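Here the structure comes first, spelled out in structure tokens, and everything after it is commentary.
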Amino acid sequence: MVLARAGQREPFGFRPCRLNRLRPLQSRIFEATFSISDSASNLTAMAKSAAAPFRADPTPPKFPALEEEILAFWKQNGIYEKSLERRADAPPFVFFEGPPTANGMPHPGHCLTRAIKDVFPRYKTMRGFRCERKAGWDTHGLPVEVEVGKELGIHSKEEIENYGIEPFIHKCQQSVWRYMQQWQRLTERLGFWVDLEKAYVTYHQSYVESVWWSLKNLFDRGLLYQGHKIVWWWAQGGTALSSGEVGQGYREVADPSVYVLFPLVDQPNDSDAQRSLLVWTTTPWTLPSNMYAAVHPELDYTLVRDSESGEEIYMASALVTKIAEKSKREFETVETCKGTDLIGLRYTPPFDGYKSSTGDPLGELVQPDGDQKTLHHFWRVVEADFVTTDSGSGIVHQAAAFGEVDYEVYDRERRRFVEGQQPQLLCAVGPDGKFVEAVSDDLIGVWVKDADKPLSRLLKERGLMFLQEQYLHDYPFCWRADQDPLIQYPRESWFIRTTKFRDLMLKNNSQIGWQPEHIRDGRFGNFLESNVDWALSRERYWGTPLPIWVCQETGRMEAIGSYDELLAKPGISGTEVWEQAKAADPALVDDLRVHKPYIDEVTYESPFAAGARMKRVSEVIDCWYDSGAMPFAQWGWPHNGDTEFKSQFPADFISEAIDQTRGWFYSQLAIATMLFGEGASISEDGYASAPSELTKTDADYPLPFRNCIVLGLMLSQWWEALDDDGKKIIALEESETKQHKGKKFTKQIGKMSKSLRNYRSPEEIFDRYGADALRWYLFANQAPWNSIIYAEQSIKDSIPEFLLRLWNTYSFFSIYAAIDGFDPCAAVDFDDQLSPASLASAPKYRPAAERSEIDRWILSELQQTIAKVIERMDALDNYNACQAISSLLDGLSNWFVRRSRDRFWASDKESQDKHDAYWTLYETLIQLTKLAAPFTPFLADSLWKRLTEPFAGKVLESVHLCDYPTSDDSVIDVELSESMRLLREIASLGRAARAAEKLKVRLPLSEVTVILTDDSKIGWLQNHDALVREELNVKAVHYTTEGDQYVQYTVVPNFKRLGPKVGKQVPAVKKALGEADGNELLAALQSKGVVSISLGDSAIELDSEDIEVRLKAKEGWAAAQGLGSVVVLNTEVTPELQREGIAKDLVRAIQNQRKAIECEYTDRIEVSIDAADDQVAEAIKEHGALIGGETLADTLQAGTLEGVESVDSEHGAVYVRKVTG
RNA sequence: GGGCGUGUAGCUCAGUUGGUUAGAGCGCGUCCCUGAUAAGGACGAGGUCCCAGAUUCGAGUUCUGGCACGCCCA
């Protein structure tokens, strides 16, 4: 049928094809008379009406094109802005945008985060909240520098400095916007409503100044301090490498593995033997910097006597045999002990360089151990959890300067001593990787890796080298100079004392609603538990400069909280460097004045020493600090934006992927905990605390976000094969693999890879299927915290599964509404969002309670769905919200519409039932459109425009300006839902029984009998059996509970109820019920209300709630069984029924032939049938009118049609010819 | 090596305080419908719920120990 071709939107009423059907048909042979069909009279009325309010919209849309239209509409009419204006005075729902970096291309993973970040604000806005959505961009950091470095073909810091920091910074500033357009396009095209124009940018001066303010705050409270950080260091290049860079340079090498004797200082009195620790290390060059020897407190250790030398040696018990074998010695056990027993023992260090220069210093303990108030700084046995017996000796050499875990041990030890008496870090190596401290005079200036051999020789000479071997392991080399091994090396670094806030961070964390919940006590909670101080500084160029100025004479420091504060300092100088640069190049953005190198030039008079200058330290800060400061820095607070900040903190909702656990989730929490609420009053001893305005009570101040959805990773799915040249062929859909004949493809799931091109770009997805398809896929297919497979086919599938289904339901409505001229404007009191209550003003609008069952049913389902969606969305559960919407759409499309077709086609245009049907469908579509709006905003708005077209501008122009529907409990009828569910089950069982008996639906049957376990719903079912009769093509339906002849009753326990009641007797009850006669039990239950079961000596009474009656169809019936019902078919086919079935078969055969000869839907035909037997001829005679009417046949004769090819049907040859002229 | 997570139909995923016939979509098979028609629909097949043990009247669900995979950190 062609009602209107694609793009045509003409009113339906004048379609000539309908009017043709007015002409009665005469069948010459069978003399059937035709009455004017119902539909024809309907059309007559239609033809006379003026242009209908609705236009038939039968063609499925091209969703991408439709979305582009909607995008243009939103833009032109400022819909997003209007949606905010409407909520100007509403309570806030605060959303924080975690800033992405725009110097890389956006990829599918960003679609997920941006879609989730859109759906909840949209929902909350419709629910009546003011949800501002300020975009943001993360612009600082090493990735930006690397990107610029690639462009310039340079890598090292030295090269950058040769190139010039000033032009390098300019390049960085420009580079961060490289993919801005793509980002903006993605954001917009996906339908992510966010204010890009007022986006915060981390390099902006106001942002930097907010960060400065916060750092000054921390500095003034004594929480910002200098210390050491162990980094992977490229000694030859003089720079630290990021973990990513280090990861690139691993390769397998052979390194020495040495077991060294550390003689114990306090030897036992009762023995002359020398006692030593057997200490293991794989880096002999770090031995001169030895500070401790570490044991695991829980491990067993054995003191052995070397039978050859008589020495007594401690080692892990588990390793005694292994070490004896390796060293070819014989050991006898002297004694065994736990690691804890060794802790505190003192030894002589392997090299005495430090001992001779520093002596053996003592320090005062913070917490004295009994009488012991002091402790030696170095050369003691300490405990460490990381010691294992996998290799080595179970006692590990500790050189804190050259290992991160070693440094942690040192740091722990250091804190045991009072301030000023703490041990220094022993480091015998300079930043160039060469020895500086005298181990032996020969070694000064020797590169560490060249020192292993001479050091080993020295140890041997002194009898301390117990065992030496080689072992293979992966070790990092510099990725730019692959002969240069990296070493771990301590660098001066700035730290924030976050450990002081650990408990408070945990407390704040406990207030956060994490989705999924396990993040709180799992990954994030554990991370907080093991909190270490935040290493803040970076020896780089493009980042927020650390705002600390140092007195060049005294070394005393102060922090600066804003640029103006800096300018107000006495004797300021150096600002002219920026002014000159700006004058030379007016295009420079002003924000650069607070960046390197300009800010480094600004100095002022020292308040600490007359005549001295204050100069900034050289470092910039970790860009994670930037992002974590966004809650206030996005407003430039506290220098600006006081109102905004106070109304927009803390956030109600944020979302990012799980990789942000240690990133943005942590940086936000840490910064907010330190600056606001209870944490603001915490300072180091002797330092000021923060202003009291920041220390609001925590009760209404959970920090810094109330809810967070932690998204899973996004993976790709593709098919892979090798072509003849051994190159990979990638197919993104399974169907694509068929283009490569003879190639064997294997399905792959894994990370997305730009080089492999194993995923479809978001832009292509939008062009092929549209943003709504992608969004629906992301929202409705799995809980968002599971890893999501970005599979093209699955995205494509969301079109038929949801989008097209919704569209087709609307399309059905539009076709019939056009035919009947249904006009919703009859509701004169309509409000601007067509709320159901306001539509009630239409003359033919009846309250739901007065409408037919199926109307009440779908309206009840609608209200239940609304309640469910709201409940789920308020719990940030988009998945189950979508499931509820899907399920409603299924009910609407597959039951309400299907079972209401006749009502829409009915001839009496003014019948109340027809109006009920329209109002029901219209209201449901309107509400469904609103429900879907946050999820599929394009389709929803497109439907809204079409559904509200008759109101011509008198209602809200976009669905996104509407209020979200609220549930009307008075319309909910749970019992009706239950009854309808049973009715649908009966229909389904009937179809199954038919299929099993090979009785196709076209063959009418005389009756079905439905056996139920109880009679509570029989009355209702009888009133609605027309639905079942039509659905199953039967003449009659009988309902009964007396089904003994058809079914066997069995009684099973209701375990949920019986379990708590009878406990351990459950199996006995089950057995007794199983053995009893079901029919008798049922009879007893019906007459007395209870059944009695004997269990050995005792008896137990069970009521109808305790047990459940089940039915099982007996053999020999055409039956199908469900949980509480059995449907039995009467399979007797009378000649009458047979003939009716034959007629329907013929209709189908003729219709197929119409299609085969390419008839338009309106074409008239001539039909001849060469009947196979008398029965067929009889059927044609009896049902000729039906056949002719259905197939638009002008003539229907027996025999053949000359010049026409016949088609065989089981009832004879069928000839069909188009009537021309 | 440590932490966290995941493991359910051919595939992708749901599965409520533990309740005895474990669900959906896709795919597959069979079929229906032909006035939503370049649509729509039904029915069916398909499961050792990763393995082992424990708790319990009862375990996909709780506990313990494994295995596999993924992520983060070493």
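Computed from a prediction, not measured in an experiment: that's the story for all the values here. To find a chain, count down the sequence lines: A is the first, B the second, and so on, and within it residues start at 1.
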Inset, instruction - For A/Tyr790 and B/rC11, give me the distance from atom OH to atom C1', rounded to whole Å. - result: 19 Å
Legend entry - Partners passing side-chain contact (heavy atoms from CB on, under 4.5 Å) against A/Val1066 (at least two apart in sequence or in another chain): A/Phe1055, A/Val1062
Inset, instruction - With the side chain of A/Asn526 defined as its heavy atoms from C-beta on, choose the nearest nucleotide among B/rG25, B/rC32, B/rC4. - result: B/rC4
Inset, instruction - Mind checking salt bridge (Lys or Arg N to Asp or Glu O under 4.0 Å) for A/Arg760 and listing every partner two or more places apart, or none if nothing turns up? - result: A/Glu736, A/Glu764, A/Glu792
Inset, instruction - Summarise protein proximity over nucleotides 39-46 of chain B in one line of letters, 5' to 3': B for base, S for sugar-phosphate only, - for none, counting protein heavy atoms closer than 4.0 Å. - result: SSSSS---
Give me, pair by pair, the N or O atoms of the protein and of nucleotides 13-15 of chain B that are less than 3.5 Å apart, along with how far apart they are.
residue : atom : partner  : partner atom : Å
B/rC13  : O2'  : A/Asn781 : O            : 2.8
B/rA14  : OP1  : A/Ala783 : N            : 3.4
B/rA14  : OP1  : A/Asn786 : ND2          : 2.2
B/rA14  : O4'  : A/Tyr879 : OH           : 3.4

Inset, instruction - Please tell me if the side chains of A/Trp895 and A/Ile858 come closer than 4.5 Å, counting only heavy atoms from C-beta onward. - result: no
Inset, instruction - Decide yes or no, distance alone: a donor-acceptor N/O pair under 3.5 angstrom between the base of B/rU17 and the side-chain of A/Lys1056. - result: yes
Inset, instruction - Under 4.0 Å between any heavy atoms, over every strand shown, what does A/Tyr816 touch: base, sugar-phosphate, or nothing? Just pick one. - result: sugar-phosphate
Inset, instruction - Let me know the distance between CZ of A/Phe527 and C1' of B/rC4, rounded to the nearest Å. - result: 13 Å
Inset, instruction - Can you sort out the partners of A/Val1126 under side-chain contact (heavy atoms from CB on, under 4.5 Å), two or more places apart, ordered by chain and number? - result: A/Ile1011, A/Val1047, A/Leu1111, A/Ala1113, A/Ala1119, A/Gln1121, A/Val1128
Inset, instruction - For each nucleotide in nucleotides 57-74 of chain B, reading 5' to 3', give B when a protein heavy atom comes within less than 4.0 Å of its base, S when such contact involves only the sugar-phosphate, and - otherwise. - result: B------------BBSS-
Less than 3.5 Å apart, which donor and acceptor atoms pair up between the side chains of residues 794-804 of chain A and the rest of the protein, not counting sequence neighbours?
residue  : atom : partner  : partner atom : Å
A/Lys796 : NZ   : A/Glu733 : OE2          : 2.9
A/Asp797 : OD1  : A/Gln793 : NE2          : 2.9
A/Ser798 : OG   : A/Ala773 : O            : 2.7
A/Ser798 : OG   : A/Ile795 : O            : 2.6

Legend entry - A/Ile815 side chain, from C-beta outward: closest of B/rU17, B/rA36, B/rC4: B/rA36
Legend entry - Which residues share a side-chain contact (heavy atoms from CB on, under 4.5 Å) with A/Asn1033, sequence neighbours left out: A/Arg994, A/Val1001, A/Pro1004, A/Lys1144
Inset, instruction - Check every strand shown and say whether A/Val1052 touches a base, only sugar-phosphate, or nothing at a heavy-atom separation below 4.0 Å. - result: nothing
Legend entry - Pairwise P distance, B/rC43 and B/rU61 [rounded to whole Å]: 31 Å
Inset, instruction - Apply the side-chain contact (heavy atoms from CB on, under 4.5 Å) test between A/Phe524 and each candidate in A/Ile658, A/Val710, A/Ile519; give the one that qualifies. - result: A/Ile519
Legend entry - Gap between atoms CD and C1', on A/Gln717 and B/rC11 respectively (whole Å): 8 Å
Inset, instruction - Under 4.0 Å between any heavy atoms, over every strand shown, what does A/Lys1070 touch: base, sugar-phosphate, or nothing? Just pick one. - result: base
Legend entry - Pairwise salt bridge (charged side-chain N to carboxylate O under 4.0 Å, His left out) hits with a residue in residues 804-817 of chain A, at least two apart: A/Arg805-A/Asp890
Inset, instruction - Please tell me which of A/Ser794 and A/His518 maps to the more 5' nucleotide of RNA chain B, matching each residue to the nucleotide holding its nearest heavy atom. - result: A/His518
Legend entry - All ring pair (Phe, Tyr, Trp, His ring centres under 6.0 Å) counterparts of A/Phe896, not counting sequence neighbours: none
Pairs under 3.5 angstrom only: tabulate donor-acceptor contacts from the side chains of residues 776-787 of chain A to other protein residues two or more places apart or in another chain.
residue  : atom : partner  : partner atom : Å
A/Tyr777 : OH   : A/Ile789 : O            : 2.1
A/Asn781 : ND2  : A/Tyr777 : O            : 3.2

Inset, instruction - Kindly write out the residues that satisfy side-chain contact (heavy atoms from CB on, under 4.5 Å) with A/Ala993, not counting sequence neighbours, or none if the list is empty. - result: A/Ala1120, A/Leu1129
